[in-house]
Amino acid sequence: MDGDVPVSYRFGLDELFVVELARTVRDAEAVFHGFGSPCATVAMHLAKRTHAPNALLIEGATYAVNPSPAFIPPTSNDHSLKRGAAYSMRFEEAFDMSVRGDVDHMFLSGLQIDSYGNTNVTAVGRMPAPKVKLGGGGGGCNMSATIKRLTLWTTNHRSGRCLVEKCDFITDIGHLTPEGTRSELGYTGGGPEVLVTELAVFDYPEGRARLRRLFPDVTLGDVTAATGFEFAVAPDLATVDTPSRHQIELVRAIDPLNVRRREFGPELERTFSL
């Protein structure tokens, strides 16, 4: 308050986005993120400090278990992400844990994501001569097949080039590929459960993306125009829940260097108030 005049508390799209990712984490589950995933990293730590105190966090490049970093560094293999860890797994231990079904939840992103939750971080354009060769999945394909559930995310939805009818290459496995369904292929993991974008939140009740929530400044028309596939709309479509001031302050404390903001472009101009 400034005298008798209320002063609004402003927060950014990046903070709201991280809160939405954090909401997908459940208490007492083992949750993992991949390389170069600052938003997911911050979200996991936010969840553990709020509604999921018993979650087991596994850092994506260091494989540190339940670390307590003083800040989120610009690179995902920084030694600071091991600070306070109960244990640092070897590379093969992380994959063995996944194959056994002992990892409950993983965050994945993609330059392309189709309606079934397949993602592409391998190449843009058709093989064997793509227009652009990307870094690849770093083992994400193996893990996406066996981890119990996946949360997908992207900050490039509005571009119209991310949510596509068909991925040029499937790096990480969704619910249905040209070769068949998960069950037909013998994959034990549950597949994508939620997709969070800078515009909206989707779920996959029947293995295909359904619009579930809109960000406060986004319309159904905005989402339709930016999405390259047809999607169902939940009958109770609503706006995402407003984060609490405590959640926003925690995001800022976990990531004082604002590394999460590097995942966004002009969308960072979008701000909201409590």
Trainee: For Thr181 and His175, what are the C-alpha separation, side-chain angles and deciding distance, and is it a side chain to side chain donor-acceptor pair (under 3.5 Å)?
Mentor: CA-CA 6 Å; Thr181 65; His175 289 284; over 6 Å; no

Trainee: State, yes or no, whether a side-chain contact exists between Leu257 and Ile72 at a heavy-atom distance under 4.5 Å.
Mentor: no

Trainee: Determine whether a donor-acceptor pair (N or O, by modelled atom type, separation under 3.5 Å) exists between the side chain of Lys48 and the backbone of Pro53.
Mentor: yes

Trainee: What closest approach, in Å, do Ser115 and Arg208 show between heavy atoms, and which atom pair accounts for it?
Mentor: OG-NH1, 2.8 Å

Trainee: Return the orientation label for the Trp153 and Phe107 ring planes: parallel under 30°, perpendicular over 60°, tilted otherwise.
Mentor: perpendicular

Trainee: Rounded to the nearest 0.5 Å, how far apart are CD1 of Ile173 and CG of Asn142?
Mentor: 9.5 Å

Trainee: Taking atom NZ of Lys133 as the centre, report whether more than 12 heavy atoms of other residues, nucleotides or ligands fall under 6.0 Å from it.
Mentor: yes

Trainee: Are the side chain of Asp203 and the backbone of Arg212 linked by a donor-acceptor contact shorter than 3.5 Å?
Mentor: no

Trainee: May I ask whether Leu152 and Tyr187 are part of the same hydrophobic cluster, defined by side-chain heavy atoms of I, L, V, M, F, W, Y residues being less than 4.5 angstrom apart, directly or through others?
Mentor: no

Trainee: Okay, side chain of Arg83, backbone of Ser68: is any donor-acceptor separation there less than 3.5 Å?
Mentor: yes

Trainee: Could you tell me whether a side-chain N or O of Gln247 sits under 3.5 Å from a main-chain N or O of Ser244, the two making a donor and an acceptor?
Mentor: yes

Trainee: Taking only Lys NZ, Arg NE, NH1 and NH2, and the carboxylate oxygens of Asp or Glu, determine whether Glu267 and Arg158 approach each other closer than 4.0 Å.
Mentor: yes

Trainee: Please check: side-chain N/O of Gln112 versus main-chain N/O of Asp168, any donor-acceptor pairing under 3.5 Å?
Mentor: yes

Trainee: Under 4.5 Å between side-chain heavy atoms, hopping through other hydrophobics if needed: is there a path connecting Val194 to Val218?
Mentor: yes

Trainee: Might you point out which heavy atoms bring Thr155 and Phe264 nearest each other, and give the distance in Å?
Mentor: CG2-CE2, 3.5 Å

Trainee: Which distance, rounded to the nearest 0.5 Å, do you find between the CG of Leu176 and the CG of Asn118?
Mentor: 7.5 Å

Trainee: Can a donor-acceptor pair be found, under 3.5 Å and without considering hydrogens, that links the side chain of Arg23 to the backbone of Ala47?
Mentor: no

Trainee: Classify the side-chain pair Arg260/Asn258 by whether it contains a donor and acceptor separated by less than 3.5 Å.
Mentor: yes

Trainee: Membership question, hydrophobic clusters at under 4.5 Å side-chain separation (ILVMFWY): are Val25 and Leu16 in the same one?
Mentor: yes

Trainee: When rounded to the nearest 0.5 angstrom, what distance separates CG in Asp78 from OG1 in Thr62?
Mentor: 9.5 Å

Trainee: Please tell me if the side chains of Pro73 and Leu81 come closer than 4.5 Å, counting only heavy atoms from C-beta onward.
Mentor: yes

Trainee: Pick from Thr154, Leu111, Ile113, Leu195: which one makes a side chain to side chain contact (heavy atoms under 4.5 Å, CB included) with Thr119?
Mentor: Ile113

Trainee: How are the rings of His157 and Phe202 set to each other: parallel, tilted or perpendicular (split at 30° and 60°)?
Mentor: tilted

Trainee: Could you go through Leu57 and Asn66, starting from their C-alpha distance and side-chain angles, then the distance that decides it, and tell me whether this counts as side-chain contact (heavy atoms from CB on, under 4.5 Å)?
Mentor: CA-CA 5 Å; Leu57 309 188; Asn66 277 347; 3.8 Å; yes

Trainee: Are side-chain heavy atoms of Pro178 and Ile170 found at a separation under 4.5 Å?
Mentor: yes

Trainee: Decide yes or no for Pro38 and Glu263: does some side-chain heavy atom of the first lie under 4.5 Å from some side-chain heavy atom of the second?
Mentor: yes

Trainee: Look at the side chain of Ser37 and the backbone N and O of Gly34, then say whether any donor-acceptor pair between them is shorter than 3.5 Å.
Mentor: yes

Trainee: With side chains defined as the heavy atoms from C-beta onward, is the minimum distance between Ser144 and Leu108 less than 4.5 Å?
Mentor: yes

Trainee: Would you mind checking if Asp104 and Arg149 are paired as a salt bridge, meaning a charged N to carboxylate O distance below 4.0 Å?
Mentor: no

Trainee: Taking side chain as C-beta onward, heavy atoms only, is Leu56 less than 4.5 Å from Val31?
Mentor: no

Trainee: How long is the span from the CG atom in Leu250 to the CD1 atom in Ile254, to the nearest 0.5 Å?
Mentor: 5.5 Å

Trainee: Under 30°, 30 to 60°, or over 60°: which ring-plane class applies to Phe95 and Phe91, parallel, tilted or perpendicular?
Mentor: tilted

Trainee: Taking atom types as modelled, find out whether Thr219 and Asp222 have a side-chain donor-acceptor pair closer than 3.5 angstrom.
Mentor: yes

Trainee: Testing the basics here: between Pro67 and Lys82, what is the closest heavy-atom pair and its distance to 0.1 Å?
Mentor: CB-C, 4.2 Å

Trainee: Look up atom CG in Asp102 and atom CD1 in Ile58, then write down how far apart they are to the nearest 0.5 Å.
Mentor: 9.5 Å

Trainee: What heavy-atom pair brings Glu29 and Thr24 nearest, and what distance separates the two atoms?
Mentor: OE2-O, 4.1 Å

Trainee: Which atom names give the shortest non-hydrogen contact between Ser76 and Ala61, and what distance separates them?
Mentor: O-CB, 3.1 Å

Trainee: Between Ser98 and Thr146, do the side chains contain an N or O donor and an N or O acceptor separated by less than 3.5 Å?
Mentor: yes

Trainee: Using the side-chain contact (heavy atoms from CB on, under 4.5 Å) rule, take Phe169 and Leu134 through it: C-alpha gap first, then chi angles, then the decisive distance, then the call.
Mentor: CA-CA 11 Å; Phe169 188 96; Leu134 305 172; over 6 Å; no

Trainee: Nearest heavy-atom pair of Ala30 and Met97: which atoms, and what distance?
Mentor: CB-CE, 4.1 Å

Trainee: Given side-chain contact (heavy atoms from CB on, under 4.5 Å), test His33 with Met106 step by step and report yes or no.
Mentor: CA-CA 5 Å; His33 68 77; Met106 179 168 69; over 6 Å; no

Trainee: Using a 4.5 Å cut-off on heavy atoms from C-beta on, say whether the side chain of Val240 contacts that of Pro216.
Mentor: yes

Trainee: Got a sec: does the CD of Glu206 have more than 12 other heavy atoms crowding it under 6.0 Å?
Mentor: no

Trainee: Show, in sequence, the C-alpha distance, side-chain angles and deciding distance for Leu268 and Arg261, and conclude whether the side-chain contact (heavy atoms from CB on, under 4.5 Å) test is met.
Mentor: CA-CA 8 Å; Leu268 278 175; Arg261 294 172 65 87; 3.9 Å; yes

Trainee: For the CZ atom on Arg10, are there more than 12 heavy atoms of other groups (residues, nucleotides or ligands in this structure) within a distance under 6.0 Å?
Mentor: yes

Trainee: Rounded to the nearest 0.5 Å, what separation is found between the CG atom of Leu237 and the CG atom of Leu214?
Mentor: 4.5 Å

Trainee: Are Asn54 and Asp27 close enough that a side-chain donor and a side-chain acceptor fall under 3.5 Å?
Mentor: yes

Trainee: Does one hydrophobic cluster hold both Phe11 and Leu21, with members joined at side-chain heavy-atom distances below 4.5 Å?
Mentor: yes

Trainee: Do any N or O atoms from the side chain of Glu165 and from the backbone of Asp114 form a donor-acceptor pair under 3.5 angstrom?
Mentor: no

Trainee: For Thr171 and Thr122, does a side-chain donor sit closer than 3.5 Å to a side-chain acceptor?
Mentor: yes

Trainee: Hey, are the side chains of Val103 and Lys148 touching, using non-hydrogen atoms and a 4.5 Å cut-off?
Mentor: no

Trainee: Does Leu150 share a hydrophobic cluster with Met44, counting links as ILVMFWY side-chain heavy atoms below 4.5 Å and allowing steps through other members?
Mentor: yes

Trainee: Is Glu15 salt-bridged to Arg252, going by a charged N under 4.0 Å from an acidic O?
Mentor: yes

Trainee: I'd like to know if the side chain of Thr227 and the backbone of Phe229 have a donor-acceptor N/O pair within less than 3.5 Å.
Mentor: no

Trainee: With no hydrogens and no angle check, is any side-chain donor or acceptor of Arg270 less than 3.5 Å from a backbone partner on Glu198?
Mentor: yes

Trainee: Regarding Tyr63 and Glu92, is there a side-chain donor-to-acceptor distance under 3.5 Å anywhere?
Mentor: no

